[in-house]
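Notes follow once the structure below has been shown.
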Amino acid sequence: PVLGERLAADIALDALLDEAALLSAAYLLGGMERAFAMTLDYLRTRSQFGRIIGTFQALQHRAADLKMHLAMTRASVESAAAALDAGAAGDARRAAVSRAKARAAEASLLVTRQCIQLHGGIGYTDQYDVGLYLRKAMVVANQYGSAALHRRRFMATAPEGDE
């Protein structure tokens with residue numbers, strides 16, 4: 001009976017850790033979406049050389065790349081949440097969570113860093129909130145497993161063809 005209780009407790013703990021990892025991925029997604037929204041507002045209002053900087057093609061391309069990272073991260077997080085809601089268990093559950101957490105951890109650092117760069121000098125100051133999102137991402141990205149750990153876990157648990 002003791003071994004059975006211990007096994008049940010381990011399974012419950014694994015499920016809770018999966019949920020915590022998914023919640024941290026969702027938190028990272030929210031932070032990078034907010035940083036991106038602030039960046040788009042800045043690009044629409046900041047003027048340089050007599051033009052709104054959001055009209056410069058190079059900045060539009062960078063913003064489009066960031067939008068793609070946001071969309072892929074949102075898809076991964078929503079897919080993992082749907083899998084958990086549907087009662088996924090075992091390897092399917094672990095693979096879904098790990099895919100979302102790895103993508104969110106990497107994308108949040110990339111997006112928030114790029115958002116700071118797109119803001120220019122003001123993005124590096126403590127007076128502007130976009131830098132807070134990077135600092136939060138740097139902390140949360142490694143909570144409940146780093147991107148590297150979750151990539152390894154995904155590769156070990158994902159069904160063939162999901163790779």
Side-chain angles (χ1 to χ4, degrees), residues 5-42 62-163:
E5 291 172 7
R6 190 168 176 205
L7 182 60
D10 286 348
I11 291 171
L13 180 61
D14 285 345
L16 288 174
L17 289 173
D18 281 342
E19 289 177 18
L22 182 56
L23 284 171
S24 67
Y27 179 85
L28 290 168
L29 173 62
M32 59 194 228
E33 284 181 334
R34 181 64 189 125
F36 185 65
M38 291 173 71
T39 302
L40 289 181
D41 287 344
Y42 182 78
R62 287 175 72 181
D65 287 343
L66 298 181
K67 182 74 172 171
M68 291 301 298
H69 284 284
L70 282 164
M72 290 186 298
T73 302
R74 176 166 286 288
S76 290
V77 169
E78 287 178 352
S79 173
L84 267 61
D85 284 347
D91 284 350
R93 178 187 180 97
R94 287 187 284 278
V97 168
S98 286
R99 175 190 291 142
K101 180 60 168 61
R103 179 168 304 280
E106 288 182 342
S108 67
L109 293 173
L110 181 133
V111 169
T112 53
R113 284 183 176 131
Q114 289 294 313
C115 286
I116 286 174
Q117 290 220 344
L118 288 168
H119 275 85
I122 195 170
Y124 289 96
T125 66
D126 288 338
Q127 298 168 339
Y128 202 73
D129 287 345
V130 77
L132 292 173
Y133 292 101
L134 171 61
R135 288 193 292 277
K136 287 181 181 184
M138 291 170 72
V139 172
V140 178
N142 291 316
Q143 284 182 333
Y144 307 108
S146 66
L149 178 142
H150 280 284
R151 269 195 312 276
R152 285 191 305 271
R153 185 175 179 229
F154 174 78
M155 292 305 293
T157 58
E160 297 231 2
D162 266 6
E163 299 155 358

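Quick caveat: nothing in here was measured; it's all calculated off a predicted structure. The first residue of the sequence shown is numbered 1, and numbering continues consecutively from there.
The minimum heavy-atom distance between Leu66 and Cys115, with the atom names listed, is CD1-SG, 4.3 Å. Taking all atoms of both residues into account, the shortest heavy-atom contact from Tyr133 to Gly31 is CD2-O, 3.5 Å. Residues Ala141 and Leu28 approach most closely at CA-CD1, 3.9 Å, considering heavy atoms.
Looking at heavy atoms from C-beta onward, Asp41 lies out of side-chain contact with Met38 at the 4.5 angstrom threshold.
Between the side chain of Lys101 and the backbone N or O of Gln143, at least one donor-acceptor pair lies under 3.5 Å.
Expressed to the nearest 0.5 Å, how far CZ of Arg103 lies from NE2 of His150 amounts to 14.5 Å. Taken from OG1 in Thr157 to CZ in Arg152, the straight-line distance is 12.5 Å, to the nearest 0.5 Å. In this structure, CG on Leu70 lies 4.5 Å from CE on Met32, to the nearest 0.5 angstrom. The CG atom of Leu118 sits 8.5 Å away from the CZ atom of Phe36 when rounded to the nearest 0.5 Å. Atom CG of Leu134 and atom NZ of Lys136 lie 12.0 Å apart (nearest 0.5 Å). Expressed to the nearest 0.5 Å, how far CG of Leu132 lies from OG1 of Thr112 amounts to 11.0 Å.
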**Request:** Give the intermediate values and the outcome of salt bridge (Lys or Arg N to Asp or Glu O under 4.0 Å) for residues Asp91 and Arg94.
**Result:** CA-CA 5 Å; Asp91 284 350; Arg94 287 187 284 278; 2.9 Å; yes
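When each of His69, Glu106, Lys67 is paired with Val111, the side-chain contact (heavy atoms from CB on, under 4.5 Å) condition holds for His69 and for no other. Screening Leu110, Ile116, Leu109 for a side-chain contact (heavy atoms from CB on, under 4.5 Å) with Arg113, the sole residue that qualifies is Leu109.
The environment of CE in Met138 is sparse: at most 12 heavy-atom neighbours from other residues, nucleotides or ligands sit within 6.0 Å. More than 12 heavy atoms of other shown residues, nucleotides or ligands fall within 6.0 angstrom of atom OH in Tyr42.
Inspection of the Ser98 and Arg153 side chains reveals an N or O donor paired with an N or O acceptor under 3.5 Å.
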Using residues 77-88 as the side-chain source, report each donor-acceptor pair under 3.5 Å to any protein atom, sequence neighbours left out, with the distance given to one decimal.
| from | atom 1 | to | atom 2 | distance (Å) |
| --- | --- | --- | --- | --- |
| Glu78 | OE2 | Arg74 | NH1 | 3.0 |

